[in-house]
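To keep things clear, I will list the structure first and then write my remarks on it.
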Amino acid sequence: MEAGRRKIRFIPFIWMFLGGICAWVVAECISNNSADEYVDYYGSDVFKNAVSVAETSVAVLHALDQSPHVSCSPEDLEAMRRIVFVVPLLADVGRLREGELACTGVWGTFATPVAMPPISRVIGVNAATLWRGASGVVRGDLAADMASFGDSVVMTEASAFARYRDPAERLAALVLTSDGSYVYQAFGETYGLSGILGQSSRWYHFARRRVFSHCDDNIDVCVVATYAAPTPLETAPLDFLLVLAGGMTAGGCIGLWHARLYGESRSWRQKLQRALDNNRLTVHYQPIIRLSDSTLCGAEALVRLVDFDGTLIPPDQFIPAAEASGVVEQITRRVVKRAFSDMGPRLSADRDFYLSINVSSDDILNRDFLGFLDNETKARGVSPGQVALELTERSTASPERLTRAMEEFSRNGYQFLIDDFGTGYSSLSYIARMPISGIKIDRMFTQALDQPSVGAVIVSKVCELAAALKVTLICEGVETKAQATILANIYPDICAQGFLIGRPMPVERFSRTFPVASRFRWHQDGAA
């Protein structure tokens with residue numbers, strides 16, 4: 001008992017821990033999303049700039065290659081100067097002759113052509129030849145990125161990537177080819193960046209390094225950028241602690257609610273087990289009559305829990321707890337034993353009388369239950385055909401498995417009634433395949449019979465269904481003579497159960513009120 005109480009007290013702390021974890025995860029996701037937006041903005045800016053520079057260089061190179069002017073002629077020099085002055089990001093353009101720089105738009109024709117860098121530093125990309133940071137090619141020993149196509153060469157201004165030279169803390173970027181073999185530009189700490197080309201971060205990736213990676217579809221230019229994101233505790237410690245506290249508080253509240261529900265279910269489980277141990281389950285019987293001739297045709301066994309003070313607790317209050325705690329099968333077997341003991345003589349004396357007992361789908365699917373029923377009927381001299389097992393339509397068991405199990409019971413002679421028909425979610429084809437002998441209409445439709453509603457229409461349709469399936473139809477919750485009259489007019493062979501016929505009662509009172517071969521007369525006050 002004490003261990004159970006400790007377990008209940010421990011539940012809120014578990015939920016507080018889970019709430020804290022959830023809050024941390026949410027904070028991480030928000031932080032990651034913000035970091036992804038930051039690195040995406042930076043990487044996209046570098047990428048757009050790199051593509052712009054590359055596209056400009058390629059366009060100029062192709063324009064120079066198609067120029068009608070003689071290489072390094074006055075007309076050619078004038079055309080190159082115009083390009084340098086008009087096109088942004090270009091430091092100079094020139095012509096190559098036998099692998100050496102012969103002239104440029106800015107410097108004119110060289111008296112002695114300038115040797116280009118060694119061939120080992122030349123890489124073919126986009127049908128152009130590239131030099132990165134080449135110095136000593138033009139006067140003033142200026143370093144420049146250069147590209148050539150045919151006998152044309154372009155030189156990019158150093159300022160083209162100047163704003164990325166010193167990136168913010170934790171940022172780094174590489175501008176490179178798609179195969180990673182050549183790096184155009186590098187900014188920040190770029191060690192290992194070429195190896196993650198093609199990868200990108202998502203908000204649900206819990207990693208400190210956030211990654212942007214993208215390649216152009218037309219020009220062999222890619223950018224991979226990273227941001228070493230700080231933890232939420234580093235960026236906004238107060239906000240993070242508030243979120244963490246909120247998560248733990250929410251988790252604690254859920255935990256208290258869970259502990260309360262668990263305590264209640266545990267209380268019910270203990271109460272039910274004590275009731276079983278102390279034999280404080282009793283069975284009452286509610287009569288069922290056929291309206292056409294007022295003949296008593298059966299009774300439903302309804303279990304009641306006798307509380308310590310003698311109060312009878314109806315099944316709708318404790319059966320859900322019994323199902324949740326796993327003792328419902330014990331209760332069903334107790335009801336069967338008690339009902340057969342109480343009603344055995346009546347069943348033997350009146351072979352047209354049947355007894356219906358509520359069962360769960362777990363009972364039907366339990367292979368031992370069929371053997372238990374067979375033993376009990378033989379021991380009490382009860383015919384299986386006089387036993388109707390009521391199964392609610394709201395059963396969550398697999399229809400196929402349940403139908404196969406029901407067929408075994410049917411082969412042994414037991415009947416099946418579908419209880420609370422119309423309140424579940426099963427299809428008519430599912431009902432039609434089941435080996436049922438009767439349908440019980442739920443009381444909520446009965447209550448609507450003498451009111452301006454569609455209740456009578458629904459009952460009428462169910463009557464048509466019962467006629468088509470050739471099964472007995474029983475209407476629950478019949479409380480007034482008007483309801484009984486309407487039902488008799490809709491379906492003469494219908495059976496009725498409700499306060500008009502009689503309330504659930506102990507077996508002694510049932511035997512006095514409804515002796516064998518008796519007929520029933522309706523009373524407006526509902527008494528039998």
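Residue numbers run from 1 in the order of the sequence given. Values below: every heavy atom of this structure, side chains too, minus hydrogens, waters and symmetry copies.
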Tell me, which pairs form a side chain to side chain donor-acceptor pair (under 3.5 Å) where one or both residues lie in residues 463-476, sequence neighbours left out? K440-E476
Any chance the side chains of T177 and D220 put a donor and an acceptor closer than 3.5 Å? no
4.5 Å side-chain heavy-atom contact, T377 and Y414: yes
Residues Y227 and D40: side-chain donor-acceptor under 3.5 angstrom: no
Under 3.5 Å, is there a donor on one side chain and an acceptor on the other for D362 and S360? no
Do the non-hydrogen side-chain atoms of Y354 and M343 ever get within less than 4.5 Å of each other? no
Do we get R333 above F372's six-membered ring, with its NZ or CZ under 6.0 Å from the centre and within 45° of the axis? yes
Report yes if the side chains of F340 and V387 come closer than 4.5 Å at any heavy-atom pair, otherwise no. yes
Answer with yes or no whether the side chains of N358 and E300 bring together a donor and an acceptor at under 3.5 Å. yes
Side-chain donor/acceptor of Q415 to backbone N/O of Q386, under 3.5 Å: no
Between C297 and C495, is the SG gap short of 2.5 Å? no
Using a 4.5 Å cut-off on heavy atoms from C-beta on, say whether the side chain of M505 contacts that of F514. yes
Side chains of L473 and I441: closer than 4.5 Å at any heavy-atom pair? yes
Decide yes or no for V223 and L174: does some side-chain heavy atom of the first lie under 4.5 Å from some side-chain heavy atom of the second? no
Any side-chain donor near an acceptor of the partner, T446 and Q483, under 3.5 Å: no
Any heavy-atom pair between the side chains of R338 and D342 that's under 4.5 Å? yes
In this structure, are over 12 heavy atoms from other groups packed under 6.0 Å from R509 atom CZ? no
